[in-house]
Amino acid sequence: MPTLMPYDLFTAFVAFAFVSSITPGPNNLMLMASGANFGFRRSVPHMLGIGLGFTFMIVLVGAGLMQLFDAFPVSYTVLKVFSVIYLTWLAWKIARAGEPGSGSSGATPMSFLQAAAFQWVNPKAWAMALTAISVYAPDRSMQAVLLVALIFGLVNLPSVSTWTILGQKIRVILTNPTRLRAFNVTMALLLIASLFPVITG
């Protein structure tokens with residue numbers, strides 16, 4: 001461990017991984033909504049998709065995707081536009097989610113593959129991955145990249161999962177359809193608000 005990453009850098013990286021993972025963002029807001037609407041157990045594939053999908057994303061970013069974006073700056077703009085469109089659609093789905101267990105509006109939890117794929121249009125995930133590689137694996141050696149991905153994955157999954165638990169705890173007061181609808185609309189609006197830095201950046 002010390003040969004790949006000095007202890008002070010390692011502790012700084014763990015702190016960065018935890019803070020960036022636990023703070024509000026598209027993944028966490030959607031997991032909270034999923035916990036409230038579907039419960040913890042049905043949200044497990046969503047949580048695993050985020051944790052493993054993001055870890056895989058870091059590996060690919062470190063393996064060469066950063067150079068691709070640097071070579072074609074327009075790709076950042078394309079990614080930004082697609083991210084805004086897709087997240088707006090997800091916010092609309094969250095706002096229309098029905099009563100827990102009712103199956104209304106055709107609402108279903110996000111699957112493992114959907115959650116893993118979502119990382120590629122998640123602006124916060126991109127910012128986290130690019131920062132992690134740039135700062136904590138600047139030489140982009142495969143050993144350093146894999147270490148960063150592994151540590152981030154170990155910190156990220158339990159961090160984001162706490163939002164599912166929080167949503168499940170809130171679920172007990174959302175048995176009233178009106179309160180549930182208000183909660184889902186609030187989550188949808190917060191998800192849209194999380195796009196503000198992307199739109200203005």
Working to the nearest 0.5 Å, report the span between OG1 of T55 and CG of L154. 7.5 Å

Only pairs at least two apart or in different chains count here, so list each ring-ring contact (aromatic ring centres under 6.0 Å, His included) that has a residue in residues 141-161. F13-F152, F16-F152, F54-F152

Decide yes or no on side chain to side chain contact (heavy atoms under 4.5 Å, CB included) for N156 and F18, but give the supporting numbers first. CA-CA 7 Å; N156 179 265; F18 174 74; over 6 Å; no

For L191 and P26 the tightest heavy-atom approach is CD1-CA, 3.5 Å

Output every pair passing ring-ring contact (aromatic ring centres under 6.0 Å, His included) with a member in residues 164-184, not counting sequence neighbours, ordered by first then second residue. none

Atom pair CZ/NE2 of F112 and H46 - distance to nearest 0.5 Å: 11.5 Å

Distance, nearest 0.5 Å, that separates CZ of R171 from CG of L180: 9.0 Å

Would you say that F10 contacts I151 through its side chain, given a criterion of any heavy-atom pair below 4.5 Å between the two side chains? yes

Applying side chain to side chain donor-acceptor pair (under 3.5 Å), can you list everything that pairs with N28, at least two apart in sequence or on another chain? none

Hey, mind stepping through M47 and F40 against side chain to side chain contact (heavy atoms under 4.5 Å, CB included) and telling me if it holds? CA-CA 9 Å; M47 292 183 283; F40 185 87; 3.5 Å; yes

Is R140 reaching over with its side chain to a backbone N or O of G64, donor-acceptor style, under 3.5 angstrom? no

Side-chain (S111) to main-chain (Q114) donor-acceptor, under 3.5 angstrom: yes

Supply the atom-to-atom distance M187 CE to I94 CD1, rounded to the nearest 0.5 angstrom. 8.5 Å

On a heavy-atom basis, which atom in R179 and which in I173 lie closest, and how many Å separate them? NE-O, 2.7 Å

Give every donor-acceptor pair under 3.5 Å between a side-chain atom in residues 162-169 and any protein atom, sequence neighbours left out.
residue, atom, partner, partner atom, Å
T162, OG1, S159, O, 2.5
W163, NE1, I22, O, 2.9

Identify, with sequence neighbours excluded, every residue that meets side chain to side chain donor-acceptor pair (under 3.5 Å) alongside D8. none

For the hydrophobic clusters of this structure (ILVMFWY residues joined by side-chain heavy atoms under 4.5 Å, transitively), does one cluster hold both F82 and L90? yes

Would you please test L60 and W120 for side chain to side chain contact (heavy atoms under 4.5 Å, CB included) and show each step? CA-CA 11 Å; L60 292 186; W120 297 94; 3.7 Å; yes

Which heavy atom of F38 sits nearest a heavy atom of T108, and at what distance? CZ-C, 3.5 Å

Using side chain to side chain donor-acceptor pair (under 3.5 Å) as the criterion, list what pairs up with N122, not counting sequence neighbours. none

Using a distance-only test with no angle check, is there a side-chain donor-acceptor pair under 3.5 angstrom linking K124 and S20? no

Please check if F56 and F118 belong to a single hydrophobic cluster, counting links between Ile, Leu, Val, Met, Phe, Trp and Tyr side chain heavy atoms closer than 4.5 Å. yes

When rounded to the nearest 0.5 Å, the distance separating CE of M32 from OG of S43 is 12.5 Å

How long is the gap from CD1 on I58 to CG on L150, to the nearest 0.5 Å? 10.0 Å

Any donor-acceptor pair under 3.5 Å from S34 side chain to P109 backbone: no

